[in-house]
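Everything below concerns the one structure shown next.
Chain letters run A, B, ... following the sequence lines, proteins first, then strands; residues in each count from 1.
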Amino acid sequence: MAPVSTSYETVLTDEQLDKWMAIIEAAPLTSLDTETTSLEPMRAQMVGISLCCEPGVAAYIPLAHRYQDAPAQLERGHVLERMRGWLENPARPKLGQNMKYDSHIFANHGIRLAGVAHDTLLQSYVFESHRSHDMDSLALRHLERKTITYTDVCGKGASQICFDQVALDRATEYAAEDADVTLQLHQTMWPHVAENEKLSYIYEKIELPTATVLQRVERNGVLIDADLLATQSNELGRRMLEIERQAYELAGQPFNLNSPKQIGEIFFDKLKLPVVKKTPSGTPSTDEEVLQKLAEDYPLPKVLLDYRSLSKLKSTYTDKLPRMVNPDTGRVHTNYAQAVAVTGRLSSTEPNLQNIPIRTVEGRRIREAFIAAPGNVIISADYSQIELRIMAHLSEDPAMLRAFAEGEDIHRATAGEIFALAPAEVSSEQRRYAKVINFGLIYGMSAFGLAGNLGVERAAAQMYIDKYFLRFVGVRNFMDETRVRAKRDGYVETVFGRRLWLPEINSPNGPRRQGAERAAINAPMQGTAADLIKLSMIAVQDWLDAEKLTSMMIMQVHDELVLEVPEAELDLVKTRLPQLMAGVATLRVPLQAEVGVGPNWEQAH
DNA sequence: TAAGTCACG
DNA sequence: ACGTACGTGACTTAT
C-alpha cells in the first residue's frame, strides 16, 4: 500500500538543487541513496542521487542518464561539489540502506561520505538476523508497502538495461521511493533496536562502525602475484591432464571427471562399486568421504580424489583470482557482506577471500600469491582458540577456566581430564581425540557425528562424551541451559547481547528441531567470536588513524586480521596489533592473538 | 535454477 | 525409527 500522498521531485535546475540543499542542511536526518551503472562497488559510476527528509517527500537528482532525447541534467561534478560540504560533514546525519555501498560510489567520485548515523540494513540485521534484509522485503514486512523493484524498472536477464537508460520520470518514481521508504523503515525499525540496551550496543558500537572499517578494507584491496598464479595454473593443468588419462584407463572409457552423474554411472553401474552413502536426493554420493572409503579397495576413486583437489584449486583460485584484479588499482577488492551470516559473522564474495586454501601443501601455495607491495610486509594476527575460550567464559566451567588461565594447551588439558592423565602423559593419539571432541562440542555434536569423525563405534564415541561431561560439568550445564533458553525465548545471545533467533527450535519436525538445537549451542560461541573481531577491527583502525600510520587492514577471516605494513611500521604494528585484539574485552579467560610476518600471506602464518 | 561438491573458520 | 557437527561462497554439470 502506497502512502496517502507522495511528492517526488526531479531536480533539474540549480534553483531546485539550492532548495534541497537548504532542506538537507537543516534536517535532523536525511535519507540518502545513489543510483549507479553497476553493482560492483569499486567500479560503479553515479547516475543519480535521491534524498528524503520527511515521509512522502523526496527528490531525485539525475546526473548521468544518457538515452535518446534525455532531458538536460545538472552536471555531475557540479552537483557533487555543491554537495561536498554536506556529504563530508560528520555532523550532518545521514541514513541509508547499506551505506557501505553508497560510500564506495561517492569515493569513486572523490567524495568521502561522513556522518552515516543510521543504516536500515544493519538495523534489520541486528533486530532479526535470520530474516531477509533487502528493501523490498523490509517494506512489505514493516510498512506493508509494495515497492517498485529494480527489475520493474530495468528488466532482467539479457534484456536488462543500465539505470542510466531509464527515463527520468520512471527513475524518479523508483529512486525517490527508495529514499522515502528507507526513511520510513528507519522510523519503524530503529525503535525496535533502541528500546533494548544490548541491541543498541551491537548496532551503534559494533555494526555501524564496522561498516565504516569494512568499506576501507574493501577499498584497500589486496595485492596478488598474478604471474605466480598463472604458473601454478599451468602446472595444475598439466597434472590434471595426466590424471584424466589414468582415470579413463581405469574406467575403460573417457568420461567427464567433473560430473558427479557420470562418475556415478561409471562407479555404481559399470564397475559395481558399493554405495557408501546417498545424497539428499537419493542418488549414490561420490563426495570426498565416499571416495576415501572406496579408495581403500579400488584404484579409480583415489585418482578421482587427486583430480578433484587439483581441479578445485585451479578453477576457483589460480585461474580466477588474477581475473579479479581491478585494472584501476591493480589489486583484488572483495566485498564483505555484513548482514548475511545469521551468527554475526561477515561473509566475503567476488572473490571470497575467506576460503583461500590452507589445509594442504598444494593449496597453501596459493597464499604465496597474496603479497605485500614493495617496501611492505604482510602481518597476520589470529585469535587463539577463540571459540573454546568463549565456551569457557560462558560455561564458567572450573576445569576449562583453569586450563586457559594457566596457558595450557587446551586439547592436551582436555585429554588429560578425559583419560585421567597428567597433561605430560597424554599421547598424541589422545590429544587428537580430545581436539575432535572439543570441535564437536562447539558444533553441538551427537555421538553419531563424533563416531564418524573419530572413526570409532558409536558406543565408544558415547563413552568419550560421557567422560567429557563427567569432568566438565559446567559445560554440560551450559549446553542444557542454552537449549532450555532457546526453547523458552526463541533466541540465544552472544556475550554482548547479539540475538540469534531459532525459528525451528520448537518445531514438531524432529530433525529440524534438533538442527535448531545444535545451532543454538553453536551460535553464542560463533557469534561472540564475531563480535570480538569486529571490535578488534574498529580498535585497530582507530589506532592506525590516531597514530597516522599508513599500514592498511586488508583482510578479515573470522578469527584473523591481515594487514599490509610498511617496513618502517613493522615493529610497532607487530607489537600493538595482538595487544589490541586481546584487549577488546575482558572475559573470564584471557584472550590471546598470535602474530606472524612475511613477504606474503603464507609466510605470515 | 538446482544439485553436488569442496574451499575456509 | 529418524537423521545426525555450526557457519559461509563458488564452481561445474545438468535440467
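Shortest non-hydrogen contact noted between I533(A) and E560(A) is CD1-N, 3.4 Å. In plain terms, the two heavy atoms of P524(A) and L394(A) that are nearest each other are CB-CD1, 3.8 Å. Closest approach of A392(A) to F404(A), counting heavy atoms only: CB-CD1, 3.9 Å.
Residue I358(A) is classed as a sugar-phosphate contact, given heavy-atom separations below 4.0 Å to backbone atoms only. Backbone-only contact: R308(A) has heavy atoms under 4.0 Å from sugar-phosphate atoms and none from a base. V290(A) comes within 4.0 angstrom of no nucleic acid atom, judged by non-hydrogen atoms across all strands. Within 4.0 Å of I442(A), counting heavy atoms only, lies no atom of the nucleic acid at all.
Here the P atom of nucleotide dT4(C) and the CZ atom of R458(A) are 12 Å apart, to the nearest Å. Atom CZ in R512(A) sits roughly 12 Å away from atom P in dT4(C) (whole-Å rounding). Atom NE2 in H558(A) sits about 16 Å away from atom P in dA7(B), given to the nearest Å. Residue M555(A) contributes atom CE, which lies 14 Å from atom P of dC8(B) at whole-angstrom precision. For the pair N453(A) CG and dC6(C) P, the interatomic distance rounds to 11 Å; values are reported in whole Å. The CZ atom of F448(A) sits 6 Å away from the C1' atom of dT4(C) (whole-angstrom rounding). Rounded to whole Å, atom P of dT5(B) lies 15 Å from atom OH of Y307(A). Spacing between atom CZ of F267(A) and atom C1' of dT5(B) amounts to 14 Å, rounded to whole angstrom units.
For the pair E288(A) and R308(A), the salt-bridge criterion is not met [side-chain N within less than 4.0 Å of a carboxylate O]. Classification of R238(A) and E242(A) as a salt-bridged pair fails, no side-chain N sitting under 4.0 Å from a carboxylate O. D306(A) and R239(A) are not joined by a salt bridge, as no carboxylate oxygen comes within less than 4.0 angstrom of a charged side-chain nitrogen. A salt bridge between E362(A) and K312(A) is absent, with no side-chain N of the basic residue lying under 4.0 Å from a carboxylate O of the acidic one. Salt-bridge formation is detected for the pair D480(A)/R483(A): a Lys NZ or Arg NE/NH1/NH2 atom is positioned less than 4.0 Å from an Asp or Glu carboxylate oxygen. The pair K293(A)-E289(A) does not count as a salt bridge, with every side-chain nitrogen at least 4.0 angstrom from each carboxylate oxygen.
Put simply, the side chain of R518(A) and the base of dG3(C) share no donor and acceptor less than 3.5 Å apart. Counting atom types as modelled, Q514(A) pairs a side-chain N or O with a base atom of dG3(C) as donor and acceptor under 3.5 Å.
Within residues 274-289 of chain A, no residue is approached by DNA chain C to less than 4.0 Å at the level of any non-hydrogen atom. For the segment residues 482-509 of chain A, no residue has any heavy atom less than 4.0 angstrom from an atom of DNA chain C.
The distance from the CG atom of D287(A) to the NZ atom of K277(A) is 3.5 Å, given to the nearest 0.5 Å.
In terms of the side-chain contact (heavy atoms from CB on, under 4.5 Å) criterion, residue partners of S137(A) (sequence neighbours excluded) are, by chain and number, S132(A), D134(A), R141(A).
In the set dA7(B), dC6(C), dG3(C), dA7(B) carries the atom at the smallest distance from any side-chain atom of S309(A). The side chain of N522(A) approaches dC6(C) more closely than any other nucleotide in the set dC6(C), dG3(C), dC8(B).
Nucleotides dC2(C) and dT5(B), compared at atom C1', are 25 Å apart to the nearest Å. A distance of about 32 Å separates the P atoms of dC6(B) and dA1(C), rounded to the whole Å. Distance check on atom P: dA3(B) versus dT4(C) gives 16 Å, rounded to whole Å.
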Q | Footprint string (nucleotides 8-15 of chain C, 5' to 3'): B base within contact, S backbone only, - free, heavy atoms under 4.0 Å | A | SBBSSSSS
Q.
E517(A) vs I521(A), test: side chain to side chain contact (heavy atoms under 4.5 Å, CB included). Steps then yes/no.
A. CA-CA 6 Å; E517(A) 286 176 14; I521(A) 300 288; 5.7 Å; no
**Q.** Stepwise side chain to side chain contact (heavy atoms under 4.5 Å, CB included) test for L257(A) and M240(A)
**A.** CA-CA 10 Å; L257(A) 278 72; M240(A) 284 163 67; over 6 Å; no
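For residues 454-474 of chain A, the pairs satisfying salt bridge (Lys or Arg N to Asp or Glu O under 4.0 Å) are E417(A)-R471(A), with sequence neighbours left out.
Q556(A) places a side-chain N or O within donor-acceptor distance of the main-chain N or O of H558(A), the cut-off being under 3.5 Å.
Not one side-chain nitrogen or oxygen of R359(A) sits closer than 4.0 Å to the OP1 or OP2 atom of dA7(B).
Counting only Watson-Crick and G-U wobble pairs whose two distances sit under 3.5 Å, DNA chain C takes part in these stems of three or more pairs: B:1-9 with C:6-14.
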